[in-house]
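Taking it in order: structure first as structure tokens, then the write-up.
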Amino acid sequence: MTPYDVIVIGSGPAGCSAAVTCVKNGLDVLMVTDATDRQHDAPDSMADALESIHPGVSSLLKKIGIAGAEVPAIRASYSGIYAGDNYTPLGEDEEGVWQGMHIDRSVFDHQLLHQAGDAGVKMIVNEKVENFIAENNKVTGISTSTRDLFGGYIIDATGKKGLAGRKLNFKRKYYSPPLLCSTGMSGCSETFPLDRHAAHFIAAGKGWTWLAPHPPEYCAWTRLSMSGDKSTAPPNELHAYPVFGKIKFANMRWRLFRPLCTEGLLLCGDAAGILDPAAGQGIFNALLSGKIAAEAIVTCLQEPAYASFHLARYDHWFVDQFELKVQQLRQYYQDHGIHIFH
């Protein structure tokens, strides 16, 4: 069977960005995902957890070729962030004040999936990748529960699952102690004591709280703490309001797989490296790394004799960006009196 030029595993922001970028450069692309293909235009509940995204996401989506994917998912917006009593606007340009957005992530991901299909990405949905196929130390394909699939290059965009890194026994480099992140949705009324039209970052010694009001009735929240503090209680600012839906937990220890690519395989987004949400640009960075990984593959196929050089350059770019954000986040925590490091 003639292999695809590229197989992308995962259909989140990194995967869709990579797949669409490859297609727009004339490559034959297959996306394999355990997501379903149903259209998801609205949340199942107004109490679904929200995720905050940077204003630059909209501009980056346009550059990738999936403009407007965020629009159906927007539930509220904000033009600045309070950190304690200090308010910092997001910025402005000739088009006006920048707006951050609180989005329903499930709606956003499904919109990305459908726009990728419209762009010409071939898909196998609702199917789990179980392993990788290698020949002469080169990754040449993947195995699912029902078939083997082969491609010139494989992109792992499986997010926190980190499928390729785990299956191929890549090493992990850690940059922080164990950290636990919890997210939920609480009620919010006119008696809510904080500005309901801004986001709020609240430092708390060995952790922090992020409040994302969704007027008039809800407030999404995220808490980060040292591992071991698996509290199911909402933040103090919301203790008087009911919690809607389930509280979700995630391991957000800062970590990076090494290597990030090998012959025939590239990792991008959270499948390559993870920082906690205080970095503030998780979706933006996933989209950007997917785009850069895809462009690296395009260049590898154009200049196969220099493929190793182009893969090394992608690896170097991702590590540089990641470690720069580690430094910035450490400084941000220090400035706000957050002590998660010994």
Side-chain angles (χ1 to χ4, degrees), residues 10-17 33-62 64 66-79 81 90 98-118 125-126 157 159-161 181-188 192 196-200 209-223 234-235 238 241-250 252 269-270 276-287 290:
S11 59
C16 288
S17 174
T33 174
D34 56 9
T36 62
D37 62 352
R38 66 188 178 91
Q39 185 65 45
H40 196 152
D41 290 324
D44 294 329
S45 165
M46 291 303 287
D48 284 353
L50 303 182
E51 188 165 336
S52 302
I53 60 174
H54 186 271
V57 167
S58 297
S59 297
L60 184 53
L61 287 169
K62 291 179 184 178
I64 294 167
I66 41 180
E70 80 284 11
V71 174
I74 297 172
R75 301 293 170 251
S77 62
Y78 62 102
S79 56
I81 301 170
L90 297 178
W98 295 352
Q99 295 288 320
M101 294 156 277
H102 304 311
I103 64 167
D104 184 302
R105 180 61 187 271
S106 63
V107 176
F108 180 61
D109 284 356
H110 279 270
Q111 188 67 23
L112 286 175
L113 182 65
H114 281 268
Q115 289 197 214
D118 291 342
V125 299
N126 200 24
K160 295 181 182 66
K161 296 175 184 176
C181 193
S182 58
T183 57
M185 180 76 81
S186 293
C188 178
F192 181 65
R196 294 190 298 160
H197 300 285
H200 301 267
T209 296
W210 172 264
L211 300 180
H214 176 192
E217 300 179 72
Y218 300 102
C219 182
W221 51 268
T222 301
R223 299 176 71 185
L238 296 168
Y241 304 96
V243 175
F244 295 94
K246 295 181 179 179
I247 297 174
K248 299 179 181 178
F249 296 90
M252 297 306 297
D270 283 354
D276 74 58
Q281 298 183 10
I283 289 178
F284 181 90
N285 292 329
L287 291 166

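Listed by chain and residue number, E70 satisfy the side-chain hydrogen bond (donor to acceptor under 3.5 Å, both in side chains) test with S58 (two or more places apart in sequence, or in another chain). Listed by chain and number, the residues in a salt bridge (Lys or Arg N to Asp or Glu O under 4.0 Å) with K161 are D34 (sequence neighbours excluded).
Here CG of N126 is found 8.5 Å from OG1 of T33. Values are rounded to the nearest 0.5 Å. Rounding to the nearest 0.5 angstrom, the gap separating the CG atom in L113 from the CD atom in Q115 is 10.5 Å. Rounding to the nearest 0.5 Å gives a distance of 9.5 Å between CZ of R105 and CD1 of I53. Distance check: H54 NE2 to N285 CG gives 9.5 Å after rounding to the nearest 0.5 Å. Here OG of S11 is found 7.5 Å from NE2 of H110. Values are rounded to the nearest 0.5 Å.
In this structure, the side chain of H214 engages the main chain of R75 through a donor-acceptor pair within 3.5 Å. In terms of modelled atom types and a separation under 3.5 Å, the side chain of Y241 and the main chain of F192 share a donor-acceptor contact.
When all heavy atoms are compared, the tightest approach of P215 to A76 is CD-CB, 4.4 Å. The shortest heavy-atom contact between C16 and A116 is SG-CB, 4.3 Å.
Partner Y78 forms a ring pair (Phe, Tyr, Trp, His ring centres under 6.0 Å) with one of H200, H197, H102 and no other, that one being H102.
A side-chain donor-acceptor contact under 3.5 Å links S186 and W221.
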Run I103 and V57 through side-chain contact (heavy atoms from CB on, under 4.5 Å) and show every step you take.
CA-CA 12 Å; I103 64 167; V57 167; over 6 Å; no
